[in-house]
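This report refers to the structure that appears directly beneath it.
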Amino acid sequence: MTPFSSVTGPAAPLLAANVDTDVIIPIQALVGTGKDGLGEQAFARLRYRSDGTENPEFLLNQKSWRGTPILLAGENFGCGSSREGAVWALMGMGVRCVIAPSFGDIFHANCFQNGLLPVRLPMDAIRRIAALSGANGLTTVDLERGVVIAPDGEAIPFQVDPRKREALLEGLDDISLTLRHAEAIAAFRDRAQTERPWQ
Amino acid sequence: MPTMFDRIWDRHVVTTLGDGWDLLWLDRILLHDLSGGRALREVAERGLRVAEPSRVFATPDHAVSSAPGRTASTFPRGAQLLDSLRRNCAEQGVRLFDLGTRENGIVHVVAPEQGIVLPGVTLACGDSHTCTNGGVGAVAFGIGSSELTQALATNCLPQRRPGTFRIRFEGSRAPGVTAKDMILHAIGRFGAAAGTGMALEFAGSAVRAMSLEERLTLCNLSIEMGARVGMVAPDNTTFQYLAGRPFAPTGALWDRAMADWRTLPSDPDARFTRDEAIPMTEVAPQITWGTSPEQVAPITGTVPTPEQARSPAEAEAWRAALDYMGLQPGQKLEGTKVDWVFIGSCTNSRIEDLRAAAAVLAGRKRAGHVTAWVVPGSEEVKAQAEAEGLHRLFLDAGFEWREPGCALCVAANGESVPPGARAVSTSNRNFVGRQGTGARTHLASPATAARSALEGAITDPRA
């Protein structure tokens with residue numbers, strides 16, 4: 001996993017609610033290919049016109065926001081399918097942090113598995129940042145301090161699960177952490193097998 | 001006074017990890033072709049083995065053609081995924097329900113049908129509609145690829161316990177109201193994010209009266225309300241459904257299991273994080289009009305106008321949805337011309353769904369301009385339907401009778417609804433582009449879908 005400490009950039013305001021993982025990455029991009037190249041397909045249906053050329057009206061195609069590491073989003077960002085390709089695609093286009101009032105649960109979990117930081121802030125704070133964002137209005141997300149620094153210097157604190165925060169800062173993944181409990185797992189297995197063998 | 005969800009969760013905590021995290025034991029892991037092969041390979045690449053291969057079941061469904069007479073190579077890009085799933089299952093000793101075998105089908109149709117998912121078990125799968133399996137009284141949830149690799153390697157997952165949200169459907173169903181209508185109504189009422197961070201329990205007299213298959217449909221759309229878990233308490237309906245299924249316990253073990261299962265339901269005084277009641281008098285047949293399952297209305301209703309929205313942001317979302325769907329604010333839903341009808345998916349592809357759709361046909365033919373597909377959820381469902389002659393009714397009505405799989409629900413198999421075409425689908429997501437680039441999806445019950453195919457327009461199945 002890619003560790004995360006802090007990022008700075010022009011936070012792109014993609015504020016619609018319920019942006020689902022089908023929109024973030026069409027399923028067709030995930031059939032028979034690996035993680036590489038998914039960045040090109042992120043938001044494909046919004047980003048490209050039917051002839052395959054870029055849609056200049058799509059926010060992330062515009063000069064101010066192209067390649068930004070920070071997305072500002074609306075309620076329930078990443079709802080829908082469990083496809084982890086949504087996270088791979090966002091990271092493939094350079095996004096390292098999404099700030100939204102709420103996230104789809106599975107997407108939220110997938111973010112932490114890959115080093116993409118999901119930050120929950122109230123919608124009014126997100127709108128405040130959006131109003132100030134631009135080429136000359138940079139936002140910083142600092143995980144170590146747990147603050148978003150808005151373009152006008154306002155420091156907005158955010159909460160991240162302590163376990164996930166540590167894993168992100170150090171780039172640790174769960175398999176090695178879980179395997180530390182091998183003895184407890186074996187003991188549980190034996191007990192469960194006796195108590196409820198049908199399970 | 002625990003809830004059913006908390007009771008099952010507590011039984012599966014291997015150890016607590018601090019900060020509200022538990023290491024949760026998994027009784028079952030399900031794999032499909034889209035992510036299963038890769039997850040198994042990643043376990044091997046880390047120098048590990050699948051921890052509990054006998055608890056893991058794989059079935060290709062997402063990227064397989066549904067064309068009559070299909071083979072793995074009918075959709076070549078999917079064939080690579082299936083090949084990887086086959087090789088890795090063989091290497092790790094994981095049971096595979098391969099294409100063309102009697103056990104094959106959509107993973108969430110197969111698991112209950114084979115008795116793989118049981119009351120009180122924990123089950124994880126790399127698919128968001130894993131919540132379907134909660135219809136038997138299991139804690140079943142969708143996970144991403146990385147979590148899937150971890151689950152296979154350790155048979156556990158570090159998880160934070162979600163809150164609980166009970167929805168009670170009280171009263172009896174009006175004629176023509178199905179499980180699909182009930183859950184769409186609930187999503188419309190509470191919103192697509194109402195269940196985020198929650199485990200749903202569906203209860204109340206209307207749920208108790210449901211068949212097991214209807215409970216699976218109800219739980220299937222939990223994730224469309226944001227909840228990874230949806231559950232219905234096990235009861236005699238559940239036990240009768242599971243008895244004799246290939247992987248269900250038998251003999252004395254069955255009796256022991258059933259005695260245990262009777263202790264699972266939430267205590268009468270159980271406290272839920274949120275508890276809501278829906279009187280059944282308020283639930284009519286539903287159809288979605290927008291691009292989120294929460295954008296739904298009674299089929300006799302109209303498309304809302306943005307002025308009715310609760311906020312400027314919602315008004316904006318509605319405008320975008322209506323623009324994509326090619327609908328006018330305030331227009332009647334009934335009578336809207338339909339180009340495609342899809343009956344299938346882990347939501348509504350079981351035998352009762354096919355019976356309900358077939359019952360509507362009444363010897364009539366689909367409207368000439370409609371392409372209508374029936375994709376049974378599994379080989380078992382297909383065989384049962386053919387034994388009952390349902391396939392004949394569909395074929396005579398001009399519907400295509402196809403091979404099991406996810407097909408047009410997720411359009412990952414080379415099949416899609418054409419750009420601009422309007423589809424009434426029994427599936428679970430009306431997202432932009434879900435059934436194909438530019439495809440316009442209306443979610444509804446099998447009866448509504450079948451009737452709309454006959455009339456060539458959105459039609460109330462009761463009319």
Side-chain angles (χ1 to χ4, degrees), chain A residues 1 15-18 20-23 26-28 30-34 44-46 50 74-76 79-88 102-110 112-114 123 161-164 173-175 177-179 181-182 184-185 187-189 192 195-199, chain B residues 14-15 17-19 21 23 25 27 34 46 48 52 63 77-78 80-81 118 120-121 126-128 142-147 149-150 153-156 158 160 162 192-193 196-197 223 226-228 249 253-254 256-257 260 292 294 313-314 316-317 320 410-412 419 429 431-434 437:
Chain A
M1 197 211 338
L15 299 184
N18 298 323
D20 58 72
T21 54
D22 276 84
V23 166
I27 194 78
Q28 294 78 12
L30 301 176
V31 179
T33 50
R45 290 198 180 97
L46 300 171
S50 51
E75 294 275 358
N76 207 19
C79 61
S81 156
S82 64
R83 65 191 67 168
E84 200 157 317
V87 175
W88 302 333
S102 62
F103 294 90
D105 280 343
I106 307 176
F107 175 82
H108 190 253
N110 288 341
F112 288 110
Q113 300 292 341
N114 293 276
M123 199 66 212
D161 184 279
R163 188 169 185 275
K164 290 300 183 188
D173 90 25
D174 274 329
I175 294 189
L177 293 172
T178 298
L179 288 173
H181 300 282
I185 295 171
F188 181 93
R189 178 188 190 277
E195 286 176 7
R196 297 187 184 85
W198 61 87
Q199 273 184 197
Chain B
V14 172
T15 182
L17 301 170
D19 299 317
W21 287 79
L23 188 61
W25 174 260
D27 294 308
L34 215 50
R46 293 187 63 130
L48 299 166
E52 299 271 334
R77 285 170 66 204
Q80 295 172 22
L81 291 170
L118 299 171
V121 305
D127 187 275
S128 59
I143 54 178
S145 312
S146 299
E147 284 186 307
T149 303
Q150 294 168 30
T154 66
N155 205 57
C156 295
R160 191 184 253 293
T196 304
I223 188 68
R228 281 206 296 169
L253 205 54
W254 169 265
R256 260 179 82 189
D260 181 65
S292 162
E294 71 177 18
E314 188 174 63
E316 190 49 44
V410 63
R429 291 194 171 130
F431 296 163
V432 169
R434 170 80 176 183
T437 302

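Within every chain, numbering begins at 1; the chains are lettered A, B, ... in the order of the sequence lines, protein sequences first and strands thereafter.
- Of the atoms belonging to B/Q150, heavy atoms from both backbone and side chain fall under 4.5 Å from chain A.
- Of the two parts of B/A320, neither the backbone nor the side chain holds a non-hydrogen atom closer than 4.5 Å to a non-hydrogen atom of chain A.
- Note that the SG atom of B/C156 and the CZ atom of A/F188 stand 8.0 Å from one another [nearest 0.5 Å].
- Without hydrogens or angle criteria, A/Q113 side chain to B/E147 main chain gives no donor-acceptor distance under 3.5 Å.
- Neither the backbone nor the side chain of A/E75 comes within contact range of chain B, judged by heavy atoms closer than 4.5 Å.
- Using a 4.5 Å cut-off between heavy atoms, A/A17 makes no contact with chain B at all.
- Side-chain atoms of B/R228 do not come within 3.5 Å of backbone N or O of A/D105 as any donor-acceptor pair.
- Chain A forms the most heavy-atom pairs under 4.5 Å with one residue out of B/T149, B/L34, B/N155, B/T437, and that residue is B/T437.
- Contact annotation for B/I143: only backbone heavy atoms (N, CA, C, O) come within less than 4.5 Å of a heavy atom of chain A.
- Chain B forms more heavy-atom pairs under 4.5 Å with one residue of A/V87, A/L15, A/D173 than with any other, namely A/D173.
- Separation of atoms OG1 (B/T154) and CG (B/L23) is listed at 6.5 Å; rounding is to 0.5 Å.
- In this structure, chain A has no heavy atom under 4.5 Å from any part of B/E314.
- Of the atoms belonging to B/R256, heavy atoms from both backbone and side chain fall under 4.5 Å from chain A.
- No side-chain donor-acceptor contact under 3.5 Å links B/R77 to the backbone of B/A63.
- The residue among A/C79, A/S102, A/A182, A/P197 with the most heavy atom pairs within less than 4.5 Å of chain B is A/P197.
- A/D161 and B/W21 share a donor-acceptor pair across their side chains, judged by distance under 3.5 Å alone.
- Interface residue B/R429: only side-chain heavy atoms are found under 4.5 Å from chain A.
- For A/R83, the part lying under 4.5 angstrom from a heavy atom of chain B is the side chain only.
- In this structure, chain A has a heavy atom under 4.5 Å from the side chain of B/T15, while its backbone stays farther away.
- Inter-residue side-chain proximity for B/P158 and A/T178 is flagged as met; some heavy-atom pair is nearer than 4.5 Å.
- The closest donor-acceptor contact from the side chain of A/D22 to the backbone of B/V432 lies at 3.5 Å or more, if one exists at all.
- In this structure, the separation between CG on A/D174 and CZ on A/R163 is 5.0 Å, given to the nearest 0.5 Å.
- Contact count versus chain B (heavy atoms, under 4.5 Å) is highest, among A/I185, A/N114, A/I175, for A/I175.
- The greatest number of non-hydrogen atom pairs below 4.5 Å with chain B, out of A/R189, A/E195, A/H108, A/H181, is found for A/R189.
- Distance alone, capped at 3.5 Å, is enough to place a donor-acceptor pair between the A/T21 side chain and the A/S81 backbone.
- Between B/W25 and B/E52 there is a side-chain heavy-atom pair separated by less than 4.5 Å.
- The part of A/F103 that comes within reach of chain B is its backbone (N, CA, C, O), which places non-hydrogen atoms under 4.5 angstrom from that chain.
- The greatest number of non-hydrogen atom pairs below 4.5 Å with chain A, out of B/A317, B/A153, B/G197, is found for B/G197.
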### Task
Could you check B/L17 against A/L177 for side-chain contact (heavy atoms from CB on, under 4.5 Å), going step by step and ending with a plain yes or no?
CA-CA 10 Å; B/L17 301 170; A/L177 293 172; over 6 Å; no
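- Your options are A/L46, A/V23, A/D20, and the one with the most heavy-atom pairs under 4.5 Å with chain B is A/D20.
- With a 4.5 Å cut-off on non-hydrogen atoms, B/S292 touches chain A through its side chain but not through its backbone.
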